[in-house]
Asks: 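Here's a structure for you.
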Amino acid sequence: MAIRINGQDTTLAAPPHATLADALHDAGLTGLHLGCEHGVCGACTVLLDGEPVRSCIVLAAQAEGHEVRTIEGLAPDADTLHPVQQAFSEHHALQCGFCTPGFEMLAVGILEREPGATPERIRELLSANLCRCTGYKPILAAVLSAQQVMAAQ
């Protein structure tokens, strides 16, 4: 199946029942994590045509002909972090790191689609993902900080 992943046209061989998460892992993109595998925790969040989706419940075939962004494609280059990644580091919004790729991709999806989102709106949207370590305050602070940086770019 033809798919664009992180700006590269790619062909994936995936059986009809394969999830997008499995197909991405098979392609060597292992930055997304599988937590619940039921679409609840958000650790597997990627962007499909700019929309955050749970890759554990999207079939790979549903992504055919579409654009997928994963955590591996977030930073502009090997020496520069994306503003969301930088903010997560600066605000200590990651501890064990398991949920981090999903939260970062969710945050990018939020900030790219709704650059002027209020803190309340961002908090509401971030509540879709689960974190067992941070208490969420540093994650919200990081996303609000990244929002300011991205607005200034």
Asks: What heavy-atom pair brings A43 and F98 nearest, and what distance separates the two atoms?
Replies: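 Taking A43 first and F98 second, the nearest heavy atoms are CB-CE2, 3.9 Å.
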Asks: Between NE2 of H66 and CD1 of I5, what distance do you get to the nearest 0.5 Å?
Replies: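 So the NE2 of H66 and the CD1 of I5 are separated by 13.0 Å.
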Asks: Could you check if a side-chain atom of V46 sits within less than 4.5 angstrom of a side-chain atom of V53, using non-hydrogen atoms only?
Replies: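 Of all side-chain heavy-atom pairs linking V53 with V46, at least one is under 4.5 Å.
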Asks: May I ask you to test the N129-T45 pair for a side-chain heavy-atom distance under 4.5 Å?
Replies: yes
Asks: Testing the basics here: between P138 and A93, what is the closest heavy-atom pair and its distance to 0.1 Å?
Replies: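 Where P138 meets A93 most closely, the heavy atoms are O-CB, 3.4 Å.
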Asks: Within this structure, what is the CD-OG distance for the pair E37 and S55, rounded to the nearest 0.5 Å?
Replies: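 Output value for this atom pair is 9.5 Å.
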Asks: Between R123 and E120, is there a salt bridge with N-O shorter than 4.0 Å?
Replies: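 Salt bridge: no.
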Asks: For H82 and V84, indicate whether the former's side chain and the latter's backbone hold a donor-acceptor pair under 3.5 Å.
Replies: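 Answer holds: yes.
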Asks: I need the minimum non-hydrogen distance between H91 and A141, along with the two atoms involved.
Replies: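 Answer, listing the atom of H91 first, then A141: ND1-CB, 3.9 Å.
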Asks: State plainly whether one hydrophobic cluster holds both L29 and L12, where clusters connect Ile, Leu, Val, Met, Phe, Trp and Tyr through side-chain heavy atoms under 4.5 angstrom apart.
Replies: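 Yes; tracing contacts between hydrophobic side chains, which count when under 4.5 Å, links both residues.
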Asks: Is there a side chain to side chain contact (heavy atoms under 4.5 Å, CB included) between E51 and R113? Walk through the geometry before answering.
Replies: CA-CA 8 Å; E51 294 286 328; R113 285 185 343 231; 3.1 Å; yes
Asks: Any heavy-atom pair between the side chains of L24 and L32 that's under 4.5 Å?
Replies: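 Of all side-chain heavy-atom pairs linking L24 with L32, at least one is under 4.5 Å.
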Asks: Working to the nearest 0.5 angstrom, can you tell me the gap between K137 NZ and I139 CD1?
Replies: 13.0 Å
Asks: Can you tell me if T10 and Q8 form a side-chain donor-acceptor pair at under 3.5 Å?
Replies: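 No, no side-chain donor-acceptor pair sits under 3.5 Å.
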Asks: Answer whether the closest heavy-atom distance between the side chains of L130 and Y136 falls below 4.5 Å.
Replies: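 Result yes, sub-4.5 Å side-chain heavy-atom pair found.
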Asks: Counting C-beta onward and ignoring hydrogens, is there a side-chain heavy-atom pair between Q86 and S145 closer than 4.5 Å?
Replies: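 The answer is no, as the side chains (C-beta and beyond) never meet within the 4.5 Å cut-off.
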Asks: Going by heavy atoms in the side chains, are P83 and Q153 under 4.5 Å from each other?
Replies: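 Answer yes - side chains close enough.
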Asks: Decide whether V149 and L94 are clustered together by the hydrophobic rule: side chain heavy atoms of Ile, Leu, Val, Met, Phe, Trp, Tyr closer than 4.5 Å, transitively.
Replies: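 The answer is no; the residues belong to distinct hydrophobic clusters.
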Asks: Any side-chain heavy-atom pair from Q147 and I122 closer than 4.5 angstrom?
Replies: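 They are in side-chain contact.
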Asks: Would you say E72's side chain and G31's backbone share a donor-acceptor pair under 3.5 angstrom?
Replies: yes
Asks: CD of E64 to OG1 of T11: how many Å apart, nearest 0.5 Å?
Replies: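 Spacing of CD (E64) from OG1 (T11) equals 9.0 Å.
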Asks: Mark yes or no for whether D9, through its side chain, and R4, through its backbone, hold a donor-acceptor pair below 3.5 Å.
Replies: no
Asks: Linking I/L/V/M/F/W/Y whenever any side-chain heavy atoms sit under 4.5 Å apart, do L125 and L48 land together?
Replies: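 Looking at the clustering, L48 is in a separate group from L125.
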Asks: Donor-acceptor pairs under 3.5 angstrom involving side-chain atoms of residues 100-112: please list them, not counting sequence neighbours.
Replies:
residue	atom	partner	partner atom	Å
E112	OE1	R69	NH1	2.9
E112	OE2	R69	NH1	3.0

Asks: Hydrophobic clusters here meaning ILVMFWY residues chained together by side-chain heavy-atom distances under 4.5 Å, can you tell me if L81 and I71 are in one?
Replies: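 Different clusters: L81 never reaches I71 through Ile, Leu, Val, Met, Phe, Trp or Tyr contacts under 4.5 Å.
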Asks: May I ask you to test the N6-V68 pair for a side-chain heavy-atom distance under 4.5 Å?
Replies: no
Asks: State, to 0.1 Å, how close A87 and A142 come at their nearest heavy-atom pair, and which atoms those are.
Replies: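 Between these two residues, the closest heavy atoms are CB-O, 3.2 Å.
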Asks: Between L34 and L59, is there a shared hydrophobic cluster once you connect ILVMFWY residues whose side-chain heavy atoms come closer than 4.5 Å?
Replies: no
Asks: Show the nearest heavy-atom pair for residues P76 and T80, with the distance to one decimal.
Replies: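 Closest heavy-atom pair between P76 and T80: CD-O, 3.4 Å.
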Asks: Please name the pair of heavy atoms, one in C133 and one in Q95, separated by the smallest distance, quoted to 0.1 Å.
Replies: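 So the two residues come closest at O-OE1, 3.1 Å.
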Asks: Supply the atom-to-atom distance R132 CZ to T134 OG1, rounded to the nearest 0.5 angstrom.
Replies: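 Rounded to the nearest 0.5 Å, the CZ-OG1 separation comes to 12.5 Å.
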